[in-house]
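A short write-up of the structure that comes next.
Letters go in sequence order (proteins before strands), and every chain restarts at 1. Values below: all heavy atoms of this structure, side chains included; hydrogens, waters and symmetry mates excluded.
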There are 2 protein chains.
Amino acid sequence: MARAVLGSLCLCWALGRAAPPNLLLLLMDDMGWGDLGAFGEPSKETPNLDQMASEGMLFMDFYTANPLCSPSRAALLTGRLPVRNGFYTTNGHARNAYTPQDIVGGIPDSELLLPELLKKAGYVNKIIGKWHLGHRPQFHPLKHGFDEWFGSPNCHFGPYDNKAVPNIPVYRDWEMIGRYYEDFKIDLKTGEANLTQIYLQEALDFISRQQASQQPFFLYWAIDATHAPVYASKHFLGSSQRGLYGDAVREIDDSIGKILKHLQKLGISENTFVFFTSDNGAALISAPKQGGSNGRFLCGKQTTFEGGMREPAIAWWPGHIPAGGVSHQLGNVMDLFTTSLSLAGLQPPSDRQIDGIDLLPAILQGKLIDRSIFYYRGNEMMAVRVGLYKAHYWTWSNSWEEYSKGIDFCPGQNVSGVTTHTQEEHTTLPLLFHLGRDPGEKYPLSTPDGEAKTFAFG
Amino acid sequence: MARAVLGSLCLCWALGRAAPPNLLLLLMDDMGWGDLGAFGEPSKETPNLDQMASEGMLFMDFYTANPLCSPSRAALLTGRLPVRNGFYTTNGHARNAYTPQDIVGGIPDSELLLPELLKKAGYVNKIIGKWHLGHRPQFHPLKHGFDEWFGSPNCHFGPYDNKAVPNIPVYRDWEMIGRYYEDFKIDLKTGEANLTQIYLQEALDFISRQQASQQPFFLYWAIDATHAPVYASKHFLGSSQRGLYGDAVREIDDSIGKILKHLQKLGISENTFVFFTSDNGAALISAPKQGGSNGRFLCGKQTTFEGGMREPAIAWWPGHIPAGGVSHQLGNVMDLFTTSLSLAGLQPPSDRQIDGIDLLPAILQGKLIDRSIFYYRGNEMMAVRVGLYKAHYWTWSNSWEEYSKGIDFCPGQNVSGVTTHTQEEHTTLPLLFHLGRDPGEKYPLSTPDGEAKTFAFG
């Protein structure tokens with residue numbers, strides 16, 4: 001620790017300020033708000049994350065910028081809504097920008113990513129896990145500010161050894177070192193894969209190296225064991241009440257416990273800002289065997305109901321963040337961009353619109369910052385949250401065509417006129433909910449009682 | 001404390017054992033599993049109960065014996081299922097024994113209630129709040145083992161000053177001292193009532209008196225602010241994100257914090273076993289303004305789905321129960337009968353079937369006791385839970401007739417073939433769920449995959 005602080009102090013002395021902290025972002029894949037014990041998962045199998053919450057700050061009202069992997073991650077790393085950073089499509093109304101491995105696009109060069117900016121403050125940046133912002137050479141993470149990469153450009157899903165289409169590759173820095181299902185095994189029958197253990201070791205090694213190198217680091221730990229097909233290593237298989245999905249969660253929980261203990265052992269926990277969250281709501285289309293839980297919230301991934309976009313979130317920074325805090329600050333993954341810059345002593349770019357806000361006043365001083373949450377689905381702003389009110393301008397779960405094939409974004413849930421299978425427009429009279437009294441979006445506020453009439457955005 | 005311990009020691013010395021602890025049972029009314037921050041309520045407005053959980057033991061799998069007030073309370077105080085203690089009806093199949101104020105029945109004299117038995121160990125017993133085991137003279141709580149009573153024989157609901165039918169009376173011991181809406185005001189328009197403050201003061205006074213009297217006490221604090229029409233005192237009105245229901249919860253949370261602090265201040269917290277739970281699931285027919293939350297569980301009060309019968313539960317006993325414990329012991333309100341007797345050093349009656357078990361091995365030693373949960377609705381055993389499996393022998397939410405009038409026990413939820421509006425029998429092939437993978441009872445296990453076939457009760 002002494003050396004790490006000294007290193008960053010050396011850099012910062014020139015700037016006349018204290019050493020910036022290391023930044024560790026633990027980003028989950030398709031994990032839902034309801035998947036943690038601290039958020040009411042009945043099996044309560046996440047002791048390490050629950051302890052992280054009790055030592056740090058729990059965010060009850062934290063959101064993603066889009067209910068799908070790629071646009072959510074692009075928003076996080078650029079601090080901008082997908083409709084600004086390009087991760088949306090006009091191919092269909094309210095169609096999320098899905099990025100399979102045969103997509104040709106990716107993150108534009110014109111976008112400034114968090115690691116690019118952190119370099120100015122001397123940070124060494126590493127991404128472990130899923131990039132998902134384009135797989136062509138020009139989109140490579142090392143071309144966008146990261147110094148190191150261990151992981152893959154896309155999810156670990158199919159084609160599963162289809163002879164015509166190659167499996168998803170795995171990279172170490174510039175080099176492709178293998179492919180999923182070939183060099184990096186995932187047993188689709190048993191769900192066994194030791195990938196989380198590999199990602200854990202990568203994180204521990206990087207942290208140890210950086211602690212010795214005297215430069216601050218940004219580690220983006222974007223693991224994907226909870227994305228279907230879910231997996232866990234042998235030791236964790238069968239360890240959960242919840243089946244294979246729960247096994248994956250238990251292994252992640254255990255790994256995060258080890259990472260936090262590693263920071264403490266190295267003496268750098270008080271100089272490392274850690275944030276845990278997920279990219280979008282649980283994929284209920286894969287539940288219960290391959291998908292998680294959004295607790296009592298409506299629907300899941302792909303939708304702009306709370307289940308699709310409200311995320312579990314924990315901030316942890318011993319000695320700085322008071323233990324056991326609970327925040328109702330409306331937060332967004334885009335805020336991690338601006339907040340990280342603020343921690344590094346940097347200003348966000350002034351030549352473009354940044355949608356993320358600096359959460360430090362909420363995290364360190366318990367303030368509530370006035371801001372709204374915009375719920376985008378592809379190119380359409382479907383809903384807005386202001387305070388405890390949420391107004392839906394469009395409602396849609398999925399199409400009748402998909403639904404008739406058994407694809408259900410809201411299994412077991414059916415709110416008449418809300419979980420619609422046709423795109424319903426409410427732009428002239430938005431469908432209003434009070435998320436305090438009705439977090440499950442089951443009781444639209446009717447205008448005759450005056451509640452909607454007296455509500456004004458602003 | 002010195003005196004209180006001394007007092008009970010005096011009694012117990014003769015028996016050659018340590019002083020039995022005081023027993024404090026905090027029983028909520030229609031509060032749901034999902035209403036506490038510790039169980040994932042998004043507003044996280046129960047800091048005192050959450051702290052109670054972090055200092056004690058949280059039960060994730062705790063149940064009531066019947067999803068309605070009267071039979072649940074009868075089961076708790078007798079340690080027996082309602083079909084044994086008489087709190088059921090054969091007027092209709094699977095009809096819960098509803099006990100309005102014009103009912104003529106009540107708890108039979110032949111039943112042995114917990115306070116009657118505790119007297120043998122020298123306990124002084126008080127009930128504060130709702131009795132609900134019959135309002136005729138022969139059913140009076142002071143005829144069934146309680147030494148003191150402050151509260152009412154029934155809920156604080158209607159007839160609301162109907163000229164022909166009197167309002168529900170409020171008693172102090174043998175004497176009727178007034179009536180709801182007359183002497184004990186509840187403003188149905190604003191929801192203002194200071195009843196919880198009165199019940200709090202009654203509890204604090206009784207505890208202080210008992211601490212001075214050197215006799216162990218059993219205090220049954222059966223308050224009802226979360227039963228519709230819900231109420232809160234002026235100080236708490238508008239204090240919750242959740243509306244009036246949340247205001248009631250906040251006031252209860254605050255009151256429980258004060259009671260626990262009072263025990264600590266008097267120095268008797270280590271000699272007082274405290275248990276918090278609720279009588280049945282949240283009344284979703286009254287939600288969201290007058291009803292609570294069952295989290296991600298299916299349906300609510302009146303039903304035998306998890307939302308109707310799984311209860312929030314916390315055990316607290318500093319110096320005895322390890323802090324921060326989480327138990328997956330299958331528990332039931334009937335166990336509070338047997339466990340309380342065990343704490344008092346008494347055996348349960350041997351002349352009758354007792355359904356409650358002694359939870360002390362689970363609470364004090366973290367053991368898992370093998371037991372099943374039976375889900376009764378009136379005279380019918382609708383379902384059984386063994387381990388993580390739940391088998392429905394009958395499924396039913398409510399009748400089409402009720403449903404068509406807008407009475408909905410499962411608002412926003414619809415699981416095909418499960419939340420049925422006709423009584424569906426599955427006794428030849430029970431409808432199976434795995435509550436670990438599927439706590440929301442959304443995915444019946446189909447027999448073809450073999451899971452049901454290989455599952456045997458026992």
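In terms of heavy atoms, B/P288 sits closest to A/R437 at CB-O, 3.2 Å. Nearest approach of B/R296 to A/P42, heavy atoms of both residues: CD-CD, 4.1 Å.
With rounding to the nearest 0.5 angstrom, the CG atom of A/L388 is 9.5 Å from the OG atom of B/S43. Atom NZ of A/K442 is separated from atom SG of B/C410 by 9.5 Å, given to the nearest 0.5 angstrom.
Both the backbone and the side chain of A/E41 come within contact range of chain B, each with at least one heavy atom under 4.5 Å from a heavy atom of that chain. With a 4.5 angstrom heavy-atom cutoff, A/P439 touches chain B only via side-chain atoms.
You'll find the side chain of A/Y443 reaches within 4.5 Å of the side chain of B/P411, heavy atoms only.
Using a 4.5 Å cut-off between non-hydrogen atoms, the part of residues 239-246 of chain B that approaches chain A consists of B/Q241, B/R242, B/G243. Among the residues in residues 297-315 of chain B, those with a non-hydrogen atom closer than 4.5 angstrom to a non-hydrogen atom of chain A are B/F297, B/R310. Residues of residues 47-63 of chain A placed with any heavy atom under 4.5 Å of a heavy atom in chain B are listed by number as A/L58, A/M60.
Counting heavy-atom pairs closer than 4.5 Å to chain B, the top-ranked of the candidates A/E441, A/K44, A/E45 is A/K44. Among B/G37, B/S416, B/S293, the residue making the largest number of heavy-atom pairs under 4.5 Å with chain A is B/S293. Ranked by heavy-atom pairs shorter than 4.5 Å toward chain A, the options B/G34, B/G324, B/G412 are led by B/G412.
Residues passing the side chain to side chain contact (heavy atoms under 4.5 Å, CB included) test with A/H421, sequence neighbours excluded: A/S397, A/N398, A/W400, A/Y403.
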